[in-house]
Number of protein chains: 2
Amino acid sequence: MTDAAAGTPASPPPSPWERERPARVHVAPARTPLSRERVVEAAFAVLDRQGLEGLSMRQVAAELGVAVSALYAHVGSKDDLLELMYTRLYDGFEMPEPDPRRWQEQVREYARSGRRRLLSHRDMARISMAHVPFTAELLPHVEALLAVFRTAGLPDRIAAEAGDLISTYIDGFVLEEGMWRDRAARHGGDGSSLARPDWPEMADEMQNYFASLPPEDFPHLRALAGLIVSDSSDERFDIGLEIILRGLASYLPDSAAGPDQDAGRAPDAT
Amino acid sequence: MTDAAAGTPASPPPSPWERERPARVHVAPARTPLSRERVVEAAFAVLDRQGLEGLSMRQVAAELGVAVSALYAHVGSKDDLLELMYTRLYDGFEMPEPDPRRWQEQVREYARSGRRRLLSHRDMARISMAHVPFTAELLPHVEALLAVFRTAGLPDRIAAEAGDLISTYIDGFVLEEGMWRDRAARHGGDGSSLARPDWPEMADEMQNYFASLPPEDFPHLRALAGLIVSDSSDERFDIGLEIILRGLASYLPDSAAGPDQDAGRAPDAT
DNA sequence: ATATCTTAATGAACACCGTTCTCCCGGTGA
DNA sequence: TCACCGGGAGAACGGTGTTCATTAAGATAT
């Protein structure tokens, strides 16, 4: 493409059997070296912009201005890349020093910050759901969480399940949040470049739909409609969390009489 | 659609947020009746044989000995097909008549049979996790579940969350089960046509791994290792379920004194 | 300075994927 | 009898993850 001069007889196009020599066009503007970290970073950029469906190796490569195959020198496979993204979610995740008197508040804090991290990247809950934290980098976090439960005095069988239980709850809750968000986006932004959430309108439609159900067949759904499509996801998250915490607390040896003083509603998350 | 579940309440009109399906199945088949039902059936066959990654329109078509494009006369899209599979999971799912005195046992039964259904098809939990039961066919089930919670006397805010909570728990638990199963299969059956689970060997390896962790850094993980990789998934499922049930029970107006007589450990003991 | 080795990036290729389009066959209603 | 039309066939389009041989560039050794 360099020599398209008009005056000189143009070279014929190369015959198919002779290998075309690129003649060193468009090379090397002294770019920063590609690294695993940069690949993961670009993957997050693509994920946030296009969602998990749009997260392809080619898109990541395009984000970096690099060939697709160059990525495989740093990540091994797409699954590998997703696992790196999953692991990176927990970078700098501070785990509490177990304090038996504050264990419920500590779990609350863990769960809320976990949800916050999941919400910080689009479709991140879907990625998290597909992975298990039993890798070398993540085991310390699991240990710290189990420490909270066990030093709180929970029986071993309960403590062992508690970790899975709240982790699954966090992932599942945020995943469902994302599904509603996507649905609302598809609802409002029809093919437009920018799909605005349009959540209030959709919540209204759902309310109307629930209200239109035959009252004799769906009394409870109608009664709870307002709470189910509640616009305050934070509150819903805290309620589910509290249910689990109360269930765990009931296994404390000294909890012969219901929830302790710390098991009330959370003081409204920010 | 011709044979709706007889025992369950009638399906309401489709909600506005669920995508409209062509639903052009009305012609009486004269010859080979390639029907929506047969497509879904073939999809399940492929799913069970090849897993979710191997479930492609082309594979389904091959299963039926038919061209790929023929499928689109009956299902509209792959997402549509997945939703049909998700919906079919609940076919013939009998929901209990709410009985305030047996509500915990009713929830236990619901959860266990839900898990059983999820386990009846490979990777089904992943499909279930990606969907929401607020479609016309599934709303009656949601209603019935909420009925159990509400007639049990749970406050509305709690009952509204309880449905999501245990549904998420069931899906999440089975999804994790499947992940371990896959990992074990990849572990033992290396490329072979038949990947045997080989679970005991992998459980041993995990035990060894946990045991090899530095005791001063991972005391709790080491202490709980045996319970975490327990070979009895049924028991683990029941324990997590019991935690949730106890948490819910704590919101009952008359539960000033901890768990009631029905909230003990599941009958199956270690 | 020259030759060699190493590393990372390239572009083409492969085998798939979901979806759509056109074409054609065969049974049905008039 | 004949036009019609729905359902299946087959090819095609643009996209996917991954692999391969080749090349450009830098470092090292002679």
Open item on the list: Could you tell me how far apart Leu34(A) (CG) and dA25(D) (C1') are, to the nearest whole angstrom?
Closed with: 16 Å

Open item on the list: Considering every strand and a 4.0 Å limit on heavy-atom distances, what is the contact class for Ala73(A): base, sugar-phosphate, or nothing?
Closed with: nothing

Open item on the list: Is the distance from the ring center of Phe218(A) to that of Phe210(A) below 6.0 Å?
Closed with: no

Task: Relative orientation of the end axes in the helix from dA1(C)-dT30(D) to dA30(C)-dT1(D), expressed as an angle to the nearest 10° (five pairs per end) - done: 10°

- [ ] Measure up the Phe93(B) and Tyr90(B) rings against each other and bin them: parallel (under 30°), tilted (30 to 60°), perpendicular (over 60°).
- [x] parallel

Task: Integer-rounded Å distance: dG17(D) P and Asp80(A) CG - done: 14 Å

TODO: With Asp234(A) as reference, evaluate Arg115(A), Arg116(A), Arg112(A) under the salt bridge (Lys or Arg N to Asp or Glu O under 4.0 Å) test and give the passing residue.
DONE: Arg115(A)

TODO: Mind listing the closest non-hydrogen atom pair of Asp123(B) and Leu52(B) along with its distance?
DONE: OD2-N, 2.8 Å

TODO: State, yes or no, whether a side-chain contact exists between Trp180(B) and Val132(A) at a heavy-atom distance under 4.5 Å.
DONE: yes

TODO: Inspect the contact between Glu177(B) and Arg236(B) and indicate whether a charged nitrogen and a carboxylate oxygen are less than 4.0 angstrom apart.
DONE: no

- [ ] Nearest whole angstrom, please: distance from the C1' of dT18(D) to the NE2 of His74(A).
- [x] 17 Å

- [ ] Mark up nucleotides 13-23 of chain C, 5' to 3', with B wherever a protein heavy atom is under 4.0 angstrom from a base atom, S wherever such an atom reaches only the sugar-phosphate, and - elsewhere.
- [x] B---BBBBB--

- [ ] May I have the step-by-step check of side-chain contact (heavy atoms from CB on, under 4.5 Å) for Lys78(B) and Val60(B), ending in yes or no?
- [x] CA-CA 10 Å; Lys78(B) 187 185 182 181; Val60(B) 174; over 6 Å; no

Task: Any Met124(A) side-chain heavy atom under 4.5 Å of Met85(A) side chain - done: yes

Open item on the list: Please report the distance, rounded to the nearest Å, between CG in Leu52(A) and P in dT16(D).
Closed with: 13 Å

